Amino acid sequence: MRILILADASVSHPYKWAKILEDLGNDVRILTFEKPLNPDLAESLNLPLGKFKYIFGMPKVAGYIERFKPHILFSHFLPNYGFISSFFKGFKILALWGSDIMAWPYKSPLHKKLAQNILKKFNIIVCDALVVRDILVKDFGILSEKIYVIPFGVEREIREKPLKDLPTDVLTFVSTRRIEKLFNHFEILRFIKKLSERFKVKILYLNDGSLREEVIRFAKDMKINFEYLGKVPYEKYVEVLQNSHFCISIPSRDATSVSLLECMALGSVPLVSDIPANREWVDDNGILTKPNADEMFKGFINRFNWDWWKRARVSNKKIVMERCNWEENVKGFWFNVFKELSV
């Protein structure tokens with residue numbers, strides 16, 4: 001089958017889908033409006049129009065669809081690629097990434113109505129958390145049989161990497177989330193400042209966003225050991241996760257983060273917000289906290305010691321090995337997609 005993935009190809013997620021779908025015998029193309037992480041594997045329309053590029057770029061997408069004639073249009077992220085794909089005909093799948101369904105529709109009643117209209121244009125919706133499935137059914141009236149819940153993105157080569165022995169002289173934290181208001185980055189940095197009074201601490205940032213410059217300035221003003229790396233090649237991303245003691249992610253609302261599962265697989269113990277999606281993965285194997293610095297500090301101090309940290313790493317690896325078999329999960333999902341197409 002011919003599959004056209006419409007997604008932000010400046011991140012690794014669409015490439016993982018493309019690879020596994022190609023392994024299943026499909027002809028897969030990636031089309032994006034962003035600068036591709038791998039230009040050899042994704043075609044960029046590259047329109048310098050800010051957020052309006054998705055609307056004004058629709059004729060170019062339509063032309064590509066006409067030439068490629070995909071059997072399936074596989075769109076990622078509700079407000080942009082989901083929105084433009086809702087105008088095209090054919091069999092369509094939407095992959096939700098988290099904030100696109102947990103935050104964007106709740107900005108206003110108009111956003112929620114628009115989200116509902118977009119969602120109902122897709123044959124199948126795939127998400128990575130039970131809480132998202134429940135929201136789709138209760139808040140947007142989506143039929144449960146149209147929704148598939150699978151953990152995203154922990155490939156075999158990541159799951160099977162051995163845990164590295166790490167030095168214990170400096171506690172290293174990593175943030176992989178977008179630098180946006182939803183993810184409470186200023187509270188993260190306040191927490192790092194408080195923790196720096198008890199331990200030697202370093203935090204690395206591996207993403208980008210509209211608050212990037214503000215966060216960098218804030219970290220500098222706080223005089224903490226902070227390193228901004230931005231978006232890096234996937235090999236570097238994996239290396240940083242392997243060499244970090246903790247991953248830190250405290251959104252107010254979220255689905256299951258792919259990076260959370262990758263961190264768990266690679267030995268970076270989660271310090272995450274106490275929300276339903278995170279509770280599906282984290283208990284004694286990490287730290288659940290309210291998204292403010294004082295609560296994060298209290299939770300960390302109450303739980304952390306090196307013996308617990310070592311046990312948590314082993315537990316996290318086991319959880320990922322048992323529940324996050326990306327290849328088998330996608331094969332099962334794709335079997336159901338094939339059945340839908342055959343009806």
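Keep in mind that what you see is a predicted model, and the values were worked out from it rather than measured.
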Indicate whether the side chain of Ser273 and that of Lys290 have a donor and an acceptor atom separated by less than 3.5 Å.
no
Check for me whether Lys194 meets the cation-pi criterion with Phe297, that is, NZ or CZ under 6.0 Å from the six-membered ring centre and within 45 degrees of the ring axis.
yes
If the condition is side chain to side chain donor-acceptor pair (under 3.5 Å), which residues does Asn184 pass it with, not counting sequence neighbours?
Ser252
Please list, chain by chain and in numerical order, all residues satisfying salt bridge (charged side-chain N to carboxylate O under 4.0 Å, His left out) with Arg178, sequence neighbours excluded.
none
Is there side-chain contact between Val132 and Met102, with heavy atoms separated by less than 4.5 Å?
yes
Within the supplied structure, the quantity of interest is the number of heavy atoms (other residues, nucleotides, ligands) at a distance under 6.0 Å from Lys60 NZ; does it exceed 12?
no
Do Leu78 and Phe83 have side chains that approach each other closer than 4.5 Å (heavy atoms only, starting at C-beta)?
no
Any side-chain heavy atom of Glu227 sitting closer than 4.5 Å to one from Ile203?
no
Do Val272 and Ile248 make a side-chain contact, defined as non-hydrogen atoms from C-beta onward lying under 4.5 Å apart?
no
Between Lys164 and Asn243, do the side chains contain an N or O donor and an N or O acceptor separated by less than 3.5 Å?
yes
Flag side-chain contact, heavy atom, 4.5 Å: Asp254 against Ile275:
yes
ring-ring contact (aromatic ring centres under 6.0 Å, His included) for Phe304 and Phe300? Distances and angles first, verdict last.
CA-CA 6 Å; Phe304 172 72; Phe300 187 89; 5.0 Å; yes
Checking Trp104 against Ser99: is there a side-chain donor and acceptor pair closer than 3.5 Å?
no
Any side-chain heavy atom of Tyr234 sitting closer than 4.5 Å to one from Val232?
no
Please lay out, stage by stage, how Thr168 and Trp306 fare under the test side chain to side chain donor-acceptor pair (under 3.5 Å).
CA-CA 8 Å; Thr168 58; Trp306 286 115; 4.8 Å; no
Apply side-chain contact (heavy atoms from CB on, under 4.5 Å) to Asp27 and Arg29, showing your working.
CA-CA 7 Å; Asp27 180 4; Arg29 310 280 179 88; 3.6 Å; yes
With a 4.5 Å heavy-atom cut-off, do Ile5 and Leu31 have their side chains touching?
no
Decide yes or no for Pro70 and Ile3: does some side-chain heavy atom of the first lie under 4.5 Å from some side-chain heavy atom of the second?
no
Check Asp23 with Lys19, please: is the shortest side-chain N to carboxylate O separation under 4.0 Å?
yes
Exercise answer: donor-acceptor pairs, residues 205-215 side-chain atoms, under 3.5 Å, sequence neighbours excluded:
unit_1	atom_1	unit_2	atom_2	d
Tyr205	OH	His185	ND1	2.9
Asn207	ND2	Thr176	O	2.8
Asp208	OD1	Arg212	NH1	3.4
Asp208	OD2	Arg212	NH1	3.3
Ser210	OG	Glu180	OE1	2.5

Distance-only donor-acceptor check, side chains His76 and Trp97, under 3.5 Å
yes
Less than 4.0 angstrom from a charged side-chain N to a carboxylate O is my criterion; do Glu262 and Lys16 meet it?
yes
Could you tell me whether Glu280 and Arg323 have a side-chain N and a carboxylate O separated by less than 4.0 Å?
no
Could Arg190 and Asp294 be called an ion pair, given the rule that one side-chain N must be under 4.0 Å from one carboxylate O?
no
